[in-house]
Amino acid sequence: MRYTAAVITISDKGARGERVDTSGPSLVGILEDAGYQVTHTAILPDEQELIRQELIHCADEEQFSLVLTTGGTGFSPRDVTPEATLAVIERATPGIPEAMRAESMRITPRGCLSREVAGIRKRTLIVNLPGSKKASRENLSAVLGAIGHGLDMLCSQGSADCAAPTLGEAPPSADAWLREAKALESAGKIGMYLFHNGVVRETARSRVREGNAQAKSVSGMRFTYDEKKVQEAVEKTRSLPGIYHVRVWLNHGGLKVGDDLMRVLVGGDIRPHVVAALEFLVTDLKTRCVTEEEL
């Protein structure tokens with residue numbers, strides 16, 4: 001499903017035309033590469049009431065699936081984006097900012113100073129991001145896959161227009177993943193990226209693994225996964241020697257032969273480390289995190 005999105009930049013200087021907004025357009029590019037339809041952008045000053053009104057407009061009137069803000073999440077007296085967001089959300093989603101701060105802490109100890117929050121208003125997910133282009137990209141990249149799954153759940157509660165897909169969804173672009181990875185600060189430590197693309201095959205599992213020549217051909221698959229276990233697998237992989245970047249996307253629902261099951265990107269310092277990490281992660285995903293039912 002292609003979800004709609006808005007990106008709102010919060011900056012006094014940007015709103016006055018004294019600073020070129022680089023973080024907003026950068027986030028738009030990431031979202032579009034991931035399949036989102038970004039139909040609204042804005043630049044607002046650091047005024048809590050204006051931010052609050054814009055968020056309500058995006059959620060209640062425009063009914064965007066996802067709203068990203070960038071800026072106003074620090075310690076400055078003018079940084080009020082989290083307060084404006086907390087004033088409009090109906091349900092907090094603390095795991096999203098927790099994951100983003102954890103990713104930032106891998107890069108700089110100052111990552112713990114970000115006050116970003118996230119939450120749900122009606123059928124809209126609102127997520128705060130830092131104001132710098134670099135930090136906002138790093139934070140969004142850390143949670144974008146999980147956000148997509150969250151929107152599937154948020155939009156599957158009875159609305160025909162917003163229902164989660166019953167068939168497989170479009171996978172993210174490998175080129176977009178690589179562009180994101182190479183823009184991060186950790187990219188200078190990476191000497192190799194390896195990409196894995198698992199697909200639904202026609203040959204039955206028992207025929208391949210057990211040599212059962214009588215096994216019938218597969219026409220499709222029902223594929224689901226445990227989000228918590230997937231996150232655990234990703235964190236374990238990131239802790240392996242020489243590994244600096246990990247991205248995972250998993251499909252779900254009813255899939256046909258040739259559809260993508262998973263896409264995995266691992267970046268690290270040298271080939272033996274990256275090969276071992278990719279093998280570890282894919283094996284962990286296949287044996288512990290996903291459920292496959294051949295049709």
Side-chain angles (χ1 to χ4, degrees), residues 1-10 24 27-44 48-73 80-100 115-129 136 139-172 223-228 230-231 249-254:
M1 173 170 289
R2 195 177 188 199
Y3 292 111
T4 58
V7 176
I8 304 168
T9 300
I10 313 298
L27 295 175
V28 170
I30 292 176
L31 289 176
E32 290 180 341
D33 284 341
Y36 288 80
Q37 183 180 1
V38 182
T39 58
H40 177 72
T41 61
I43 302 178
L44 301 179
Q48 184 171 339
E49 182 58 22
L50 290 178
I51 300 168
R52 189 188 72 85
Q53 292 176 6
E54 178 71 6
L55 295 177
I56 292 174
H57 171 75
C58 288
D60 295 7
E61 298 179 33
E62 299 295 341
Q63 299 182 358
F64 296 121
S65 301
L66 176 64
V67 177
L68 301 182
T69 70
T70 170
T73 61
V80 294
T81 304
E83 285 69 32
T85 304
L86 289 170
V88 303
I89 61 174
E90 299 165 342
R91 293 184 289 158
T93 56
I96 294 174
E98 287 170 5
M100 293 192 296
R115 300 190 307 112
E116 56 207 12
V117 300
I120 296 166
R121 181 180 176 90
K122 294 182 171 62
R123 297 294 182 86
T124 299
L125 175 62
I126 301 171
V127 180
N128 298 159
L129 295 165
S136 63
N139 277 225
L140 180 57
S141 296
V143 297
L144 189 57
I147 283 175
H149 182 60
L151 291 178
D152 288 345
M153 293 187 290
L154 178 63
C155 293
S156 65
Q157 300 172 2
S159 168
D161 292 335
C162 197
T166 57
L167 298 178
E169 60 184 48
F223 190 80
T224 59
Y225 60 90
D226 186 312
E227 179 70 29
K228 182 178 180 180
V230 171
Q231 292 302 320
W249 170 86
L250 295 171
N251 212 334
H252 63 95

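It should be emphasised that the depicted structure is a prediction, and the values quoted were computed from it without experimental measurement.
Residues Val127 and Val143 form no side-chain contact, since every pair of their non-hydrogen atoms from C-beta on lies 4.5 Å or further apart. Side-chain contact check for Glu62 versus Val67: every heavy-atom pair is 4.5 Å or farther apart. Annotation: side chain of Arg52 is not in contact with side chain of Glu83 (no heavy-atom distance under 4.5 Å). The closest side-chain heavy-atom distance from Arg91 to Leu154 is below 4.5 Å.
Although no hydrogens or angles enter the test, the distance criterion places a donor-acceptor pair under 3.5 Å between the side chain of Thr93 and the main chain of Ala118. Arg121 places a side-chain N or O within 3.5 Å of a backbone atom of Val88 that can act as its donor or acceptor partner. Judged purely by atom type and a 3.5 angstrom limit, Thr124 uses its side chain to pair as donor or acceptor with the backbone of Phe64.
Every residue two or more places apart in sequence or in another chain that forms a side-chain contact (heavy atoms from CB on, under 4.5 Å) with Glu98 is listed here: Pro94. Every residue two or more places apart in sequence or in another chain that forms a side-chain contact (heavy atoms from CB on, under 4.5 Å) with Thr85 is listed here: Leu55, Thr81, Ile89, Val117, Ile126, Asn128.
Atoms CD1 and CD1, from Ile51 and Ile8 in turn, are 9.0 Å apart once rounded to the nearest 0.5 Å. In this structure, OG1 on Thr9 lies 10.0 Å from CG on Leu68, to the nearest 0.5 angstrom. Residue Glu54 holds its CD atom at 4.0 Å from NE2 of His40, rounded to the nearest 0.5 Å. How far NZ of Lys122 is from CD of Glu90: 5.0 Å, rounded to the nearest 0.5 Å. A distance of 11.0 Å separates CD in Gln48 from CD in Gln53, rounded to the nearest 0.5 Å. Between the CZ atom of Arg115 and the OG1 atom of Thr73 there is a distance of 7.5 Å, given to the nearest 0.5 Å.
In terms of heavy atoms, Gly72 sits closest to Pro82 at O-CD, 3.1 Å.
Ring geometry, Tyr3 versus Tyr36: the interplanar angle falls from 30° to 60°, so the pair is classed tilted.
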